[in-house]
Amino acid sequence: MVQQPHQRRIKYQAELDSDFGRQIAAMPGGEKVYSCIQCGACSGICPMSIYMDYSPRRIIAMIRAGMKNDALRSQTVWLCASCYACSVICPRQIKITDLMYALKQRAIQEGAYPKRFPIPVLAREFFQTVQRDGRTSEGRLIARVYLRTNPWRLLKQASLGYRLLRHGRMSMRRESIRSREELQTLLRSVG
Amino acid sequence: MSGFNSSTNGHPPRIGVFICHCGTNIAGKVNVPEVVEFARTLPFVAVAKEYKYMCSDPGQEMIKHDIQQYGLTRLLVAACSPHIHEETFRKVASEASINPFLFQMVNIRELVSWVTEDGHEATEKAKAMIRAAAKRVLFHDELEPKKYPVKPGVVVVGGGIAGIHAALVMADAGERVYLVEREPSIGGHMAMFDKTFPTLDCAACILTPKMTTVRRHPNITVLSYSEVVEVSGFVGNFKVKVKKKPRYVVEEKCVGCYECIEACVFKEPRFPNEFDLGLGKRKPIYVPFPQAVPPVPMIDPETCIQFRTGKCPKGCVNACGDRDGIDFDQKDEIVELEVGGIIVATGFDTFDASRLPYYGYGIYPNVYTGLEVERLLNASGPTGGEVLLRNGQKPQSVGIIHCVGSRDENTNRWCSRVCCMYSLKLAHLMKERTGAEVYNFYIDIRAPGKGYEEFYDRLLQEGVHFIRGKVAEVSDWAMTPDEENRLVIRVEDTLIGMVRRIPVDMVILSVGLEPQRDAQEVTKLFNISCSTGNWFMERHPKLAPVSTMSAGIYLAGACQGPKDIPDTVAQAGAAAAEVLALTHKSVIEVEPNTAFIDERYCSGCQICVGLCPYSAIYYDEEKKVAVLNEPLCLGCGVCAAACPSGAAQQHLFQDEQLYAEIEGALVGVG
Amino acid sequence: MDEQFEPKLIGILCNWCSYMAADLVGTSRIRYAPNIRIIRVMCSGRIESQLILWAFRSGADGVLIGGCNPGDCHYQEGNYKALRRVTLLKQMLPQFGIEPERLRLDWICASCAEEMRKTVEGFTAQIRNLGPLRLQTPPLLKPIKIEMEVSRHVEA
Amino acid sequence: MSKPKVAFYWCASCGGCEEAVVDLADAILGVVEAVDIVFWPVALDFKRSDVESLYDGELAACFINGGIRTSEQEEMAALLRRKAQAVIAFGSCSHLGGIPGLANLYSRESILNRVYLEAPSVDNRDRVLPKERSEADEGMLTLPAFSDSVRTLDQTIEVDYYLPGCPPPVTLIVNAVNALLSGNLPPKGTVLTGDKALCSECPRNATKPEKLSLKELKRPHQLIIDSKTCLLNQGVLCLGPATRCGCNAACLSANMPCTGCLGPTSHVKDYGAKALSAIASLLDSNEAEEIATLAQRIPDPAGTFYRYSLPASLLHHRAGNGRT
Amino acid sequence: MDYLYYPGCSSKGNGIAYEESLKAVFDALDVRMDELPDWNCCGATSYMSVDEWKAVALAARNLGLAERQADGKDGVDMIAACSACYLGLIRAQRYITDYPELGKQVTAGLEAVGISFKNRVRIRHPLDVLMNDIGTERIASRVKHKLAGMKVACYYGCQIVRPYATFDDQQSPVMMDRLMAAIGAETVNWPLKTRCCGGSLSGTVPETGLRLSFILLKEAKKRGADVVATACPLCQFNLECNQGEMRRLFGESLDLPVVYFTQLMGLAFGLPSRALGIQRLFIPLPAHLLSRVQEGGRNVRV
């Protein structure tokens, strides 16, 4: 094993954004971050926490400490599968899944998500398709995501796609609603 | 009719206004000098002064002095809540020979300085409230506190350690005590425990002698298997109705030989024993546990053959023979007690762990609650003190999960206060008795009592594992071979920062404490209130922790909030002392806020008669008016509000007084 | 409106629950709008329409009544009697052009500090939105009893 | 010595009070015998100038019925006040505002609109409203001003005594006149009847149950009223408990509930509010919705509880915020 | 109309068999279900990540359109079969009430495009409707061939009970188990029935996402399940279509059929398998199981 140079494990106050916690607390889902007692039940129940760089509990601690960069750049928020197990078990009723959404939005706004990590791309593609057509077509969506992140995988997945098509379970047809303008007017008016 | 003429002999009233700084509590927000200036401008105010601590001796002396010097006839103190110092200043008035009810307290701390952001706003609000009181006090009447003789005797409700201790203290002081317990035996939860933390005394060894003393004490009457069904009257003069449920064994005739149990048609115990939480068995005729007080068996009609079929050879009756102690026809019996005071010591319930399915209680047989494990550990328990899994084997590893149903907004928000310590105790006992690896899963270890932290340290030395993290789930889902056929605890070890899966043979859930399921009904019965979460509410969290808002009714033990044994006993002693202080008085003074009916204006419409919650008003057929039976009136004022002709009024809350106060609070306010 | 209208509010609270809650808000140092003036009675069952209308007449823009939770009344059922009166009165107020929202009855338990704060804040905001209550009382009011007695006294 | 001079006057009223005076029947002869009536527009042809020509205080007593709505009524009340040693508010309208006082639930504008423009029987194509001054061929015509609200007499002038009722019961009038003549008068401000509520003289009071409660509320036409038992106990809203005695329970002897014309007892500040409080207390439910349903059985609470006393009430008039 | 039906994007693609079988089962039970005209995407997971407010507006348009269909009735029941849609629509409703400013904007936005909105739609899951409105009695009476001997692992997934449990316990749901019992199947005791299948992660970070699905299937198989029943198109896809990829990644072949619970109902009702989209399964139901389910007159094509 290659000996890693010693990594410094210290956080200077100057590196922190002291207002970050308050900002997150003001977003839907963030209301109760200051109620967290760091019990770890969220991370214990989370099926994905074992793959995360920081467990959800630590993300909350980081938010409160003002570790904005570390929190937004973490893979944690993108690994959340939205299963809501944490929200249900949390003894302080923190809406942790919704909190993850809040962080995802902040990360996208600030362009601070891990690059070439496919999930934010999926989110953006999905967003744009729906914004335009009102509906998505899974086949087209997946194809576009792979094209943008990892075209090689698209090839590897081709056989799966073929099987889906053959079983009538995927269409490359562009789905759309009738009142697209109405929808776009609506979406423009909110936010 | 009210009005100040009657009490000032035609002289204009002279009001003294005294405004307290309460250190910086009031003065830090309210501009007191400005308020004093303002008070001086109010009609009939003869003097207005401020002082740092009006409730202190110098403050009180100043008021008394000014009453004399300025010839004050009405008194107004603006300070804290009347619930705190109204009595203090009434006494001051009285000592300076003003009738104490010609006084009005203005709450400019709790209602003003502490709740208002802006200093100017607070000052204006204080002014308005003082103006309101200055108007109101003009209409006060001279009143005498109602005096009633105090009856001897105390009812203690609940025969756990709190009730037992309180009863013994009072009985030793010569007071007549009625100890009412709804279970067949006194002893409560403590009787179920094996050892007690942190000293590891055997619970039975320290409790049963007290139970026996209770039984033998000439001043104590134990009403077991009984419930209070009605409470009426007031401080010093309560009437308590107690329902004695039928045991079908006559207590007075029973000598405690238990031959009846021996002779029961069921040769072996077959039915789940409630006292052992269903882990042990009993017969239809049984005593809940060997040291029960009273040592009188009882028959469970649900399982007794005689009750179910009427065709039992009745071995019990034959065994009892001439003593004739078995009575299948026993009925509910109502006992009426007249006492001066009441102690409510109804204790707690444990959290129902099946409410959290992810901990597997009721799903996996080897998941137990702490209380169940107490019974397993107990030498007189169902296993004779041996800890065995349901398959009869000894556990090799045990997980103890803290905070089950505590510190959780989905169940109970509070810290149950005893679970950390009883978990440590169980951890120690499990290790000692089984040699198993013991894992404690905790959020925080709370060990603030005497010798508690030391006990925690002892456990750390003993090699018990402590993992900081709230357990996420207990399951029988194996990921690795060593997890097969075991219970797997999944938790984030928050100190290491990793999720861990720990396979164990036995899970102990340290269930939290909850108010008794029927706490709400009990509050209604005794006219006391509940704090958040249904714990009974004390009169003041610091200064009156065992009193309730209902005079003469006191609290002891965990019914007021989670408590361990030392705190419970201390509180029970305090409650006993408070009751003794009450019953040792010959008379009790009661706030004269009762109603009165001016018969000159009463048309006899009787609307008040039907509305009075205490049947304190009756219709006099001769005079054709409603008449108040004053001792029964507790002063709610419902009659005064409903009386359509204004004949019914309430002292201290007369129409004119309230009009004046409302008007004063509003008119002229910016 | 250039300046924000600040309503004048009267709160009539029962001694055992809502007044205790008001005390508790204080001991918890929770802040709320300064508009309310609190009057203590023993039981919400003592409160009747004359007091409420008198408050309106005396310049209140809103009246808050606080009692114990249903079933928790210190005097058994006084709070229900308050509820009956307030219900009927609220039915009549619109006939006088008074928005029934200006009268509010709430059950606030003795330990409900946060609820008390929310109630007061909510009520203040609500009445602020409604604007001032403009009663039309005649120029020559019937001399009210208080003033008569006080003036009589001054003569004496 | 000349006989004491008295005057009768009417303001916003229906004329029923005048009838009551006539109803004195034989007793009126005694009155006429004892006093000299110098002003009584409904019966005698004296003019305002005749009153103006009296010296101040020349009238021993003046009985004024009706509430005050117009400038003319206000002027006449002031004039009579000046001329009379004692002013007696006669009847519910001058005492408390009376039935015309219910108009205070509406604004001046809406009343005029209703009466002159909107009422179904009105034919007023030019939409003419009465004006205080209008040009005519004959010259300038004037009308009294119509004020914003109906006021009681004592909201207009100082009043010495009150004779309550709609109309005042004959016995009360006779007793009042006798008291005036004999000079045996109670303190100023007294309402000239007993100070207990009607239940004290109602024969049905003996039938009250131990606990009175209203399980339902019915209006008199919705049931056959038992003629002996308490009406509240039959679920009929009777305001006897809140209303002064003095009429000998006249309506009740006609099997109808008391509607409150004699007004409140002296310990009550606001008749309607107090009556409402008493009646509401009796609603037999602790459930918010059920209570609301029961309360809705009183379709017009203001009209029910303030039938005779709206102008005297604490609110006096519809608030300015309202739209109607 | 008994219910409005909100299909969601998946029902036109990967989840088509869910829609087919759902419609067939509802028809068989004589329950009418009308598709919401011109519905749009529910604003699910991915959309939420970018713009929460717009996601709520998106969902709210569907709610507004549903209210339009209510014909003046106070509220209307709309079935959302896909878990993500079900949650997305309910969450939008909650956000609109919980965050008034958001609610105001969304309501105003909808009104500006001519959709009045009172937030009165009741979003229902097919399980909820089947168990609470229709009832097991009616369902059982419609069964032609009990699925006797078929061991089913009921997989609820995450989003139909969490976080807004409206019709079942959020920690240990039972409705599908009871439903399966009503059609004669045996359910396996399986502690993972609400554990996440990996959701959309199986496509984006397959090594981790698929592991979740793999764990679920492995445990179901270990406990003797013949088939896994799901109530969500994404779960069904993850658990079924990715079994090949799982074999590649984790070196173990599972071959466990994963079907929609409505497909099993249809089989029990004796409906033609084509009408239930059985032919669309990647992993066919084993013949020995199907053979026990007698088909009315026609052979089962696998």
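So that the names make sense, note that chain A is the first sequence line, chain B the second, and so on, each numbered from 1.
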> Can you tell me if CD on C:E101 sees more than 12 non-hydrogen neighbours from other groups inside 6.0 Å?
Replying inline: yes
> Of the listed residues (D:G189, D:S313, D:A302, D:A278), which shares the most heavy-atom pairs with chain C below a 4.5 Å separation?
Replying inline: D:A302
>> Does atom CZ (D:R219) have a neighbourhood of more than 12 heavy atoms from anything else shown, all under 6.0 Å?
In response: no
> Which bit of D:D148 is near chain C, if near means a heavy-atom gap under 4.5 Å: side chain, backbone, both or neither?
Replying inline: neither
> CD/D:Q296 to OG1/C:T87 distance, rounded to the nearest 0.5 angstrom?
Replying inline: 10.0 Å
> Based on non-hydrogen pairs under 4.5 Å, which of D:S277, D:S147, D:A295, D:A273 is most in contact with chain C?
Replying inline: D:S277
>> So, using ring-ring contact (aromatic ring centres under 6.0 Å, His included) as the criterion, who are the partners of D:Y308 when residues are at least two apart?
In response: none
>> Can you tell me which of D:L276, D:N104, D:I291 forms the most heavy-atom pairs within a distance under 4.5 Å of chain C?
In response: D:L276
> By number, which residues in residues 65-86 of chain D have some heavy atom less than 4.5 Å away from chain C?
Replying inline: none
>> Within a 6.0 Å radius of atom CD on D:E118, are there more than 12 heavy atoms belonging to other residues, nucleotides or ligands?
In response: yes
Only distances under 3.5 Å count here; give the side-chain donor-acceptor pairs of residues 18-25 of chain C to other protein atoms, sequence neighbours excluded, each with its distance to 0.1 Å.
from	atom 1	to	atom 2	distance (Å)
C:S18	OG	C:C14	N	3.1
C:S18	OG	C:G66	O	2.9
C:Y19	OH	B:N107	ND2	3.1
C:D23	OD1	B:S81	OG	3.4
C:D23	OD1	B:N107	ND2	3.0
C:D23	OD2	B:S81	OG	2.4

> Are C:E48 and D:K274 close enough that some pair of their side-chain heavy atoms sits under 4.5 Å apart?
Replying inline: yes
>> Measuring only between side-chain heavy atoms, which start at C-beta, is C:L135 closer than 4.5 Å to D:H316?
In response: no
> Which atom names give the shortest non-hydrogen contact between D:A280 and C:L88, and what distance separates them?
Replying inline: CB-CD2, 3.8 Å
> After noting the C-alpha distance and the side-chain angles of C:L89 and D:F305, does the key distance pass the side chain to side chain contact (heavy atoms under 4.5 Å, CB included) rule?
Replying inline: CA-CA 11 Å; C:L89 184 60; D:F305 295 112; over 6 Å; no
>> Shorter than 4.5 Å, heavy atoms on both sides: which option in C:K90, C:K81, C:E77 has the most such pairs with chain D?
In response: C:E77
> Do any N or O atoms from the side chain of C:R84 and from the backbone of D:S281 form a donor-acceptor pair under 3.5 angstrom?
Replying inline: yes
> About how many Å separate CG of D:L310 and CZ of C:F96, when rounded to the nearest 0.5 Å?
Replying inline: 4.5 Å
>> Taking every non-hydrogen pair under 4.5 Å, which of D:L315, D:D270, D:L294 racks up the most with chain C?
In response: D:L315
>> Report which part of C:P94 has an atom under 4.5 Å of a heavy atom belonging to chain D: side chain, backbone, both, or neither.
In response: backbone
> Got a second to check how far D:K269's NZ is from C:R57's CZ, nearest 0.5 Å?
Replying inline: 8.5 Å
> Considering all heavy atoms of both residues, which atom of C:Q91 and which atom of D:I298 are nearest to each other, and what is their separation?
Replying inline: NE2-O, 3.1 Å
> Going from CG on D:L314 to CG on C:L51, what distance comes out if it is rounded to the nearest 0.5 angstrom?
Replying inline: 10.0 Å
> With C:H74, which residues qualify under ring-ring contact (aromatic ring centres under 6.0 Å, His included), at least two apart?
Replying inline: C:W16
> Between D:V268 and chain C, which part of the residue has a heavy atom less than 4.5 Å away: side chain, backbone, both or neither?
Replying inline: both
>> Heavy-atom pairs under 4.5 Å with chain D - which of C:R85, C:M92, C:Q95 has more of them than the others?
In response: C:Q95
